[in-house]
Amino acid sequence: MANAASGMAVEDECKLKFLELKAKRNYRFIIFRIEGQKVMVEKLGSPEESYEDFTNSLPADECRYAVFDFDFITDENCQKSKIFFIAWSPDISKVRMKMVYASSKDRFKRELDGIQVELQATDPSEMSLDIIKGRAL
């Protein structure tokens, strides 16, 4: 279904894979890209993969959307998990690409029911593991 504002369609696979991450924990992360007028799945990270594997999967010079299932232990020693939505928009990516991703983000995020924390990053330091941990607690 296309969004009137951005004209962007979301592939059903995006929603299905997100539901699998949320309900079955089949994936540690999902990276999405916009191809033509559609948002589609680019990469699925297995449950064994780390946050570093995830950040290394993001291109240095192109925008992406991503979802990361972050496991952590609270100060009360409880095992928890939070699902992060990350809008990756590196400073060196093309202006047009940044505009397309920015204008489609809210519509796409609404398709993924269950996002708990949103993060916008233009460089790796803005989404370091310390920042992720700080936002999760």
Side-chain angles (χ1 to χ4, degrees):
M1 185 148 105
N3 173 4
S6 70
M8 203 58 60
V10 177
E11 294 271 302
D12 286 343
E13 185 191 19
C14 295
K15 293 178 261 191
L16 292 170
K17 296 300 179 193
F18 176 75
L19 286 172
E20 288 177 26
L21 175 144
K22 185 173 87 169
K24 299 181 189 162
R25 315 221 39 208
N26 289 2
Y27 311 107
R28 173 66 53 206
F29 63 85
I30 307 172
I31 296 175
F32 305 95
R33 68 187 161 96
I34 294 175
E35 180 90 14
Q37 291 294 306
K38 290 190 297 235
V39 180
M40 54 205 317
V41 172
E42 179 175 75
K43 180 173 184 184
L44 299 167
S46 71
E48 299 77 44
E49 291 193 67
S50 69
Y51 189 70
E52 190 177 349
D53 296 325
F54 162 65
T55 56
N56 290 338
S57 299
L58 292 169
D61 59 348
E62 290 185 6
C63 300
R64 291 292 185 270
Y65 300 128
V67 172
F68 187 83
D69 186 7
F70 180 64
D71 291 326
F72 61 100
I73 295 176
T74 66
D75 293 337
E76 295 80 40
N77 214 22
C78 294
Q79 179 74 36
K80 295 245 178 159
S81 122
K82 289 244 169 114
I83 297 174
F84 278 75
F85 178 86
I86 298 169
W88 172 242
S89 184
D91 286 330
I92 58 173
S93 56
K94 294 185 171 86
V95 171
R96 169 121 182 87
M97 179 181 273
K98 286 193 252 194
M99 288 169 56
V100 168
Y101 274 78
S103 66
S104 306
K105 181 184 74 163
D106 288 339
R107 162 69 170 62
F108 178 59
K109 206 175 84 182
R110 275 197 300 275
E111 296 283 337
L112 307 179
D113 184 36
I115 300 288
Q116 294 162 300
V117 184
E118 182 183 340
L119 199 63
Q120 178 94 26
T122 58
D123 115 347
S125 68
E126 295 177 351
M127 51 184 271
S128 69
L129 191 55
D130 288 341
I131 289 173
I132 295 291
K133 284 178 183 165
R135 294 288 302 274
L137 294 171

Can you name the nearest heavy-atom pair linking [X] to [Y], along with the distance?
| X | Y | answer |
| --- | --- | --- |
| Lys38 | Met8 | N-SD, 3.6 Å |
| Ser81 | Asp69 | OG-OD1, 2.9 Å |
| Met127 | Ala121 | SD-CB, 3.7 Å |
| Ala87 | Lys105 | CB-CD, 3.7 Å |
| Asp91 | Lys98 | O-NZ, 2.9 Å |
| Ser89 | Gln120 | CB-NE2, 4.2 Å |

Same cluster or not: are [X] and [Y] linked, directly or through other Ile, Leu, Val, Met, Phe, Trp or Tyr residues, by side-chain heavy atoms under 4.5 angstrom apart?
| X | Y | answer |
| --- | --- | --- |
| Leu21 | Leu19 | no |
| Phe85 | Phe18 | yes |
| Ile83 | Phe29 | no |
| Trp88 | Val67 | no |
| Phe84 | Tyr27 | no |

Nearest-0.5 Å distance, [atom1] of residue [X] to [atom2] of residue [Y]:
| X | Y | atom1 | atom2 | result |
| --- | --- | --- | --- | --- |
| Glu11 | Leu16 | CD | CG | 10.5 Å |
| Ile30 | Ile86 | CD1 | CD1 | 12.0 Å |
| Cys78 | Ile73 | SG | CD1 | 9.5 Å |

Checklist entry - Parallel, tilted or perpendicular: which fits the ring planes of Phe72 and Phe70, with parallel below 30° and perpendicular above 60°? => result parallel

Checklist entry - Are Arg28 and Phe68 close enough, and set up right, to give a side chain to side chain contact (heavy atoms under 4.5 Å, CB included), and what steps lead you there? => result CA-CA 6 Å; Arg28 173 66 53 206; Phe68 187 83; 3.6 Å; yes

I'd like a table of donor-acceptor pairs (distance under 3.5 Å, sequence neighbours excluded) in which one partner is a side-chain atom from residues 53-61, with atom names and distances.
from  : atom 1 : to    : atom 2 : distance (Å)
Asp53 : OD2    : Ser50 : N      : 2.8
Asp53 : OD2    : Ser50 : OG     : 3.2
Thr55 : OG1    : Tyr51 : O      : 3.4
Thr55 : OG1    : Glu52 : O      : 3.1
Asn56 : ND2    : Glu52 : O      : 3.2
Ser57 : OG     : Lys43 : NZ     : 3.0
Ser57 : OG     : Asp53 : O      : 2.8

Item to check | Lys17/Leu44 under side chain to side chain contact (heavy atoms under 4.5 Å, CB included): CA gap, chis, key distance, verdict | outcome: CA-CA 8 Å; Lys17 296 300 179 193; Leu44 299 167; 4.1 Å; yes

Checklist outcome for this item: Sequence neighbours excluded, the answer for side chain to side chain donor-acceptor pair (under 3.5 Å) partners of Glu49 is none

Item to check | Flag if over 12 foreign heavy atoms under 6.0 Å of CE, Met40 | outcome: yes

Checklist entry - Can you tell if the side chain of Ile132 reaches within under 4.5 Å of the side chain of Leu119, non-hydrogen atoms only? => result yes

Item to check | Non-hydrogen side-chain atoms of Val10 and Arg107 separated by less than 4.5 Å | outcome: yes

Next on the checklist: Looking at Arg64 and Glu42, is there a salt bridge between them, counting it only when a charged N and a carboxylate O are closer than 4.0 Å?
Outcome noted: yes

Next on the checklist: Does this structure show an ion pair linking Arg25 with Glu20, if we count only N-O contacts that are shorter than 4.0 Å?
Outcome noted: no

Checklist entry - Where the side chain of Ser103 meets the backbone of Val100, is there a donor-acceptor pair that is under 3.5 Å apart? => result yes

Checklist entry - Is the closest side-chain donor-acceptor distance between Ser128 and Asp130 under 3.5 Å? => result no

Next on the checklist: Please enumerate all residues that pass ring pair (Phe, Tyr, Trp, His ring centres under 6.0 Å) together with Phe108, with sequence neighbours excluded.
Outcome noted: Phe32, Tyr65

